[in-house]
Amino acid sequence: MELYTPSLIEPKWQAYWAEHRTFKTPEDPKLPKKYVLDMFPYPSGAGLHVGHPEGYTATDIYCRYMRATGHAVLHPMGWDAFGLPAEQYAIQTGTHPAVTTQKNIATFKRQIQALGLSYDWDREVDTTDPAYVKWTQWIFLQLFRRGLAYQSEKPVNWCPALGTVLANEEVIDGKSERGSHPVIRLPLRQWMLRITAYADRLADDLALVEWPDSTKTMQEEWIGRSEGAEVKFPLTDGNGELEIFTTRPDTLFGVTFMVIAPEHPYVERLTTHDQKAAVEAYAHQAINRSDLDRRAAKEKTGVFTGGFVINPLTGVQVPVWVADYVMMGYGTGAIMAVPGHDQRDFEFARKFGISVVQVVSPDGSRIPGEMAEAMTEEGVAVNSGAYDGLSTGDFKKQVTEDLEMSGQGKLRVEFRLRDWVFSRQRYWGEPIPIYFPVESDGDPRTGAPHTIRYDLPMPVDEFELPLCLPELEDFNPGEDPAGTLARAVDWRFFQKDGLWYARETNTMPQWAGSCWYYLRFMDPQNPEAAWSQEAAKRWLPVDLYVGGAEHAVLHLLYARFWHKVLLDAGHLNVAEPFAKLVHQGMILGEVEYTGYQFSGNFVSRELIEANPEGGFRHKGTGDEVEVVRVPEDATEKKGGNVVLKADSSIVVDARAFKMSKSRGNVVNPDEVIAAHGADALRLYEMFLGPLEATKPWSTHGIQGVSRFLERCWNLGQKPAWDVRPDGELLRLMHKTLRKVGEDIEALRLNTAISAMMIYLNELAKADPLPREALEMLVRMLHPFAPHLAEELWETLGHTPSLQAVPWPAFDPALCVDEAITVVVQVNGKVRGRVSLPVDASPEQRREAALACPEAQNFLEGKEIVKVVVPANGTLVSIVVK
RNA sequence: GCGGGUGUGCUGGAACGGUAUACAGAGCAGACUUAAAAUCUGCCGGGAGUAAUCCCUUGUGGGUUCGAAUCCCACCACCCGCACCA
């Protein structure tokens with residue numbers, strides 16, 4: 001008998017599929033379509049990770065099943081290939097990022113192909129390919145023409161030493177996280193995309209898609225729609241008014257002060273002479289604090305401006321303060337403060353001794369004396385003049401109408417979502433296809449004095465696209481905030497009709513390419529357009545999109561935004577790009593056991609706490625303790641804890657961690673394939689648990705599926721006979737067919753595999769082995785372990801490919817057992833079982849249950865109160881007293 | 001702090017409100033073998049009992065129900081997201 005040797009059969013079938021274009025997307029328009037998409041990877045230098053094949057295998061199984069059930073399947077793969085690591089590597093080594101990128105793509109592609117994934121490789125796209133960049137830039141121009149791409153001078157964290165803009169997370173105490181270089185808040189010219197113009201539709205249309213609720217919620221919260229009122233508070237000098245936004249206009253009678261952001265344009269106007277020095281010092285200090293610092297501050301800070309405004313409803317003069325808990329970027333950058341009913345305002349009032357007034361009550365009664373805490377819930381108005389007694393909801397509606405009538409306010413909807421900063425001062429990204437006139441006395445390339453008119457952006461003509469990156473020797477960002485490309489003067493400056501122009505030197509962020517790759521896949525080679533109308537009509541929306549939850553907001557929100565813009569521009573026909581979304585869970589490293597030691601002696605887990613400065617310490621003594629790895633076989637489970645075998649009073653930690661290079665717990669798919677084969681890796685990752693769950697990898701666990709595949713192989717080598725399967729085996733075969741099909745459709749791949757294992761266990765006992773029953777196993781196994789299935793199919797005397805064989809149908813009549821076992825419960829406890837024919841009536845079940853001998857002991861001498869016979873249940877419940 | 005999720009044998013996990021622990025892994029025992037590996041067979045939540053059998057068990061405590069891992073309430077632990085958003 002031949003041995004199961006994955007290393008022989010897997011390359012054979014991979015070559016067969018490639019040669020025969022087995023997974024080419026069918027053109028036949030009569031077939032129902034399925035567009036199944038994986039989030040394409042960034043081809044990093046580290047190569048594929050076992051996390052990648054998880055989602056890819058799930059969609060592969062789904063696609064192979066869908067092809068076998070008569071669907072035209074579009075299942076493409078490509079590369080999200082612009083990005084920082086290749087550029088960092090270029091800075092260090094001088095290797096052009098394009099070279100590194102192509103090398104990494106080749107590795108990724110080899111690894112993905114070694115998994116036997118059924119992609120239509122004729123549709124491969126690479127975001128760095130000029131033929132792709134051309135259309136990314138074309139989409140940018142669509143945005144620009146529609147006024148959705150604009151420039152702004154937004155203050156950003158600029159680090160001159162590192163020559164780049166840093167994210168807020170990368171700035172600690174005003175210094176760069178790496179190297180502690182000073183970071184300054186610099187207003188830098190940036191390209192922005194007006195995603196806020198689509199905020200409403202991005203929130204509303206979440207109702208149209210079948211996505212995990214958690215992801216929908218995250219997007220909703222990110223967009224942060226809130227309805228409220230804009231209210232105008234006139235300045236006491238009669239010279240204008242301070243506009244605020246509030247979601248609680250019903251608390252207008254409780255306003256005891258106002259707060260404006262340090263950046264607010266009215267700061268100067270409202271500040272009195274006496275307060276000028278204090279306000280200026282505070283504002284200067286606050287503006288230079290990074291957002292992170294501002295957030296980390298526990299205590300409220302602020303300064304009184306000396307100025308007052310008038311409450312439009314009460315006519316009372318209200319003092320105006322400057323405080324950094326109010327931000328310029330949201331609403332109007334100014335608030336009415338109601339300390340009685342807002343936690344932040346309450347804290348501020350407490351600190352600065354401002355009075356607190358109650359204007360909402362749970363039941364209409366007033367709290368005697370000072371309020372001890374802010375009451376933020378809704379209720380009934382008190383202390384609010386003519387509005388007293390109104391519920392919060394009615395009050396809001398009424399007062400908003402009243403303010404609108406008198407021109408003092410109006411309904412307003414605010415979003416937390418901000419416009420998208422779309423430019424990067426980096427090399428390895430798509431150039432933004434914009435140029436500007438240059439006022440110059442000579443050749444600006446040779447240093448002639450010149451002024452770039454950034455206020456007059458001009459789009460590059462479409463026929464000139466793609467606008468490619470210039471060649472550079474040095475990829476270092478340098479000190480010029482205009483970006484790396486500013487140094488490529490021959491590329492940057494050009495002459496047209498005797499006038500000088502300068503190209504935009506910022507590039508697009510990595511998100512750009514991934515915003516529309518699913519569209520290019522529909523028509524990837526089209527030289528005339530980014531995609532054809534026919535392709536869009538045929539394939540959109542994506543029916544199933546599988547990828548990590550880490551993209552829940554950013555990528556998925558950006559892509560939806562571009563999609564809607566392109567829809568409005570008439571290039572698309574469906575409102576949402578991704579009809580159904582599934583996040584595969586993370587695969588963690590192998591479980592690790594860690595103990596804590598102080599001067600060589602183990603200390604039990606419960607005596608340890610995290611040290612605020614990092615590391616761990618003894619709770620009692622405060623001594624720093626050492627974290628040590630403990631081998632698994634030195635531990636055992638006791639009670640709810642894992643303890644040392646040597647000393648069961650020492651509790652240790654047992655948990656799995658995210659795979660990371662630094663932890664050294666990364667599992668390399670190449671090694672797993674070499675040891676067990678791609679089919680085993682595929683099957684193992686699917687068998688591990690539900691697709692969406694976070695699961696730890698276990699080296700032992702792969703043995704189980706490996707054995708299963710081997711047993712399938714061995715069975716396939718045994719002589720099969722042309723006898724019809726019958727009896728229990730036949731019924732099990734049909735039940736398994738049904739379950740496997742249903743489970744694949746619902747992506748419950750772990751339970752589909754266990755159903756096949758059960759079927760195999762039964763099939764292996766059959767003697768003689770019925771050919772049909774064996775062939776069904778091979779056909780069911782095909783989406784999961786395609787190499788093995790193709791090989792067995794050929795061994796059984798069939799012509800490849802198994803992919804062309806339709807999915808076998810099950811017979812519902814054979815999916816039920818011949819006899820049913822009815823469980824007899826007495827007072828909710830199982831007391832016996834009776835066997836009855838399938839078609840036994842409820843009355844027969846009831847009688848049989850009451851006659852059940854084992855149950856008699858529990859019925860004797862008792863009064864039967866009730867007998868429950870559930871409609872389609874295999875159970876009878878007897879209640880006695 | 002707010003929002004969401006998860007909690008089941010030694011481990012990964014299974015279970016339309018209806019026989020909890022399917023299917024695997026690890027472990028133990030046996031067969032085959034000179035031996036080991038591989039393979040095959042059996043056992044495998046805890047407790048009591050010679051046994052038939054009984055009692056307990058799905059993070060903890062309540063509730064709804066003939067019946068709860070599943071539904072409801074409170075709490076605990078862990079994970080993820082957001083975090084002065086007016």
Side-chain angles (χ1 to χ4, degrees), chain A residues 3 212-218 220-222 224 226 228 244-248 251 259 261 294-298 300 323-327 329-338 342-345 347-348 414-418 549-550 552-553 585-586 588 591 632-633 635-638 640 642 654-656 684 687-690 692-705 707-708 710-711 714 748 750-758 760-761 764 821-833 854 857 865-870 872-880:
Chain A
L3 285 175
D213 284 340
S214 57
T215 304
K216 284 193 187 183
T217 308
M218 271 158 84
E220 261 162 31
E221 287 175 354
W222 190 266
S226 63
I244 59 97
F245 170 73
T246 179
T247 54
R248 293 293 298 272
T251 58
V259 183
R294 256 165 99 154
R295 259 186 261 141
K298 287 183 191 88
K300 295 265 178 300
D324 67 3
Y325 81 90
V326 170
M327 281 162 300
Y330 185 78
T332 61
I335 62 156
M336 60 179 219
V338 185
D342 182 282
Q343 189 56 40
R344 298 150 300 190
D345 298 345
E347 284 166 21
F348 193 86
E414 263 302 317
F415 295 93
R416 224 192 59 142
L417 185 70
R418 308 292 157 84
E550 66 272 21
V553 173
M586 210 188 322
L588 304 175
V591 174
E632 186 185 353
D633 53 17
T635 67
E636 62 184 349
K637 189 136 181 197
K638 195 184 156 199
V642 180
R655 55 170 289 214
Y684 176 60
F687 188 59
L688 212 48
E692 298 87 344
T694 304
K695 321 158 267 264
W697 179 270
S698 149
T699 304
H700 286 306
I702 199 163
Q703 291 293 340
V705 292
R707 273 180 212 150
F708 167 68
E710 218 160 300
R711 295 181 66 204
N714 292 342
R748 288 187 303 253
N750 53 331
T751 51
I753 294 167
S754 78
M756 288 189 288
M757 286 174 167
I758 293 169
L760 171 72
N761 289 346
T821 303
V822 172
V823 169
V824 183
Q825 286 187 350
V826 180
N827 283 354
K829 289 200 162 133
V830 179
R831 297 302 183 186
R833 293 173 177 81
E854 294 94 335
N857 302 335
V865 180
K866 194 169 167 186
V867 179
V868 183
V869 186
N872 50 357
T874 53
L875 176 141
V876 175
S877 185
I878 304 167
V879 187
V880 298

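Predicted model, so just to flag it, every value in this text is computed and none were measured. In what follows, chains are A, B, ... by sequence order, proteins preceding strands, each numbered from 1.
For the pair A:Arg416 CZ and B:G3 C1', the interatomic distance rounds to 12 Å; values are reported in whole Å. Distance CE (A:Met757) to C1' (B:G12): 12 Å, rounded to an integer number of Å. Whole-Å rounding puts the A:Met218 CE to B:G4 P distance at 13 Å. Remark: C1' of B:G3 and CD of A:Glu220 are 11 Å apart, rounded to the nearest angstrom. Atom pair A:Met586:CE and B:G5:P shows a separation of 18 Å (rounding to whole Å applied). Spacing between atom CZ of A:Arg655 and atom C1' of B:U11 amounts to 17 Å, rounded to whole angstrom units. If you measure from atom CD of A:Glu221 to atom P of B:G81, you get 13 Å, rounded to the nearest angstrom.
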message = For Watson-Crick and G-U wobble pairs within 3.5 Å on both distances, what is RNA chain B written in dot-bracket notation, | included for inter-strand pairing?
response = (((((((..(((.....[....))).(((((.......))))).((((....))))..(((((..]....))))))))))))....

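Annotation: of the two residues near RNA chain B, A:Ala334 and A:Val705, the 5′-most nearest-nucleotide partner is A:Val705. Each of A:Thr217 and A:Arg831 has a nearest nucleotide on RNA chain B; the 5'-most of these lies closest to A:Thr217.
In this structure A:Phe348 satisfies the ring pair (Phe, Tyr, Trp, His ring centres under 6.0 Å) test together with A:Phe257, A:Trp321, A:Tyr325, A:Phe352, sequence neighbours excluded. For A:Asn761, the side chain to side chain donor-acceptor pair (under 3.5 Å) partners two or more places apart in sequence, or in a different chain, are A:Arg711. The salt bridge (charged side-chain N to carboxylate O under 4.0 Å, His left out) search around A:Lys216 returns none, not counting sequence neighbours.
Contact check, A:Lys695 against B:U6: no side-chain N or O comes under 4.0 Å of OP1 or OP2. Regarding contacts with the backbone of B:A22, every side-chain N or O of A:Thr751 stays at 4.0 angstrom or more from both OP1 and OP2.
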Stepwise side chain to side chain contact (heavy atoms under 4.5 Å, CB included) test for A:Met757 and A:Ile753 = CA-CA 6 Å; A:Met757 286 174 167; A:Ile753 294 167; 4.0 Å; yes

request  = Please report the C-alpha distance between A:Asp345 and A:Ile335 in whole Å, then the side-chain angles of each, then the deciding distance to 0.1 Å, and finally whether the side chain to side chain contact (heavy atoms under 4.5 Å, CB included) criterion is met.
outcome  = CA-CA 10 Å; A:Asp345 298 345; A:Ile335 62 156; 3.6 Å; yes

Kindly give the atom pairs (protein nitrogen or oxygen, nucleotide nitrogen or oxygen) under 3.5 Å for nucleotides 17-20 of chain B.
from	atom 1	to	atom 2	distance (Å)
B:G18	N2	A:Gln825	OE1	3.3
B:U19	O2	A:Arg833	NE	3.1
B:U19	O2	A:Arg833	NH2	2.7

Please write out each protein N/O paired with an N/O of nucleotides 26-33 of chain B under 3.5 Å, distance rounded to 0.1 Å.
none

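B:A51 and B:G12 have their P atoms separated by 32 Å, given to the nearest Å. Comparing B:G81 with B:A26, their C1' atoms sit 36 Å apart, to the nearest whole Å. Spacing of C1' atoms, B:U19 relative to B:U57, comes out at 16 Å, to the nearest Å. Atom C1' of B:U58 sits at a distance of 13 Å from the matching atom of B:G13, rounded to the whole Å. Distance check on atom C1': B:C56 versus B:G49 gives 15 Å, rounded to whole Å. Comparing B:A48 with B:G7, their C1' atoms sit 30 Å apart, to the nearest whole Å. Taking atom C1' in both B:G61 and B:C76, the straight-line distance is 11 Å, to the nearest Å. For B:G42 and B:G25, the P atoms lie 14 Å apart once the distance is rounded to whole Å.
Checking B:C40, B:A86, B:C84 against the side-chain heavy atoms of A:Tyr330 singles out B:A86 as nearest. Listed nucleotides: B:A86, B:G12, B:A83. Nearest to the side chain of A:Met327: B:A86. Residue A:Ser214 places its side chain closer to B:G4 than to any other of B:G4, B:C23, B:A86. Of the candidates B:C66, B:A22, B:C40, the closest approach to any side-chain atom of A:Val879 belongs to B:C66. Considering only the side chain of A:Pro690, B:G13 comes nearest among B:G13, B:A83, B:C66.
Annotated as anti: B:G17, whose glycosidic dihedral deviates from 0 by more than 90°.
When heavy atoms are screened at a 4.0 angstrom cut-off, A:Asn750 is found touching the sugar-phosphate backbone but no base atom. Contacts of A:Arg748 with the nucleic acid, taken as non-hydrogen atoms under 4.0 Å apart, are absent. Among the atoms of the strands shown, only primed sugar atoms or phosphate atoms (P, OP1, OP2) are found under 4.0 Å from some heavy atom of A:Asn761. Heavy atoms of A:Thr247 sit under 4.0 angstrom from primed sugar atoms or phosphate atoms, though from no base atom.
A heavy-atom distance below 4.5 Å is found between the side chains of A:Leu875 and A:Gln825. For the pair A:Val876 and A:Val823, the minimum side-chain heavy-atom distance is 4.5 Å or more.
A donor-acceptor pair is defined here as one N or O able to donate and one able to accept, closer than 3.5 Å; no such pair exists between the side chain of A:Tyr684 and the backbone of A:Gly704.
Separation of atoms CG (A:Leu760) and CZ (A:Arg707) is listed at 13.5 Å; rounding is to 0.5 Å. With values rounded to the nearest 0.5 angstrom, A:Ile878 atom CD1 is found 13.5 Å from A:Lys866 atom NZ.
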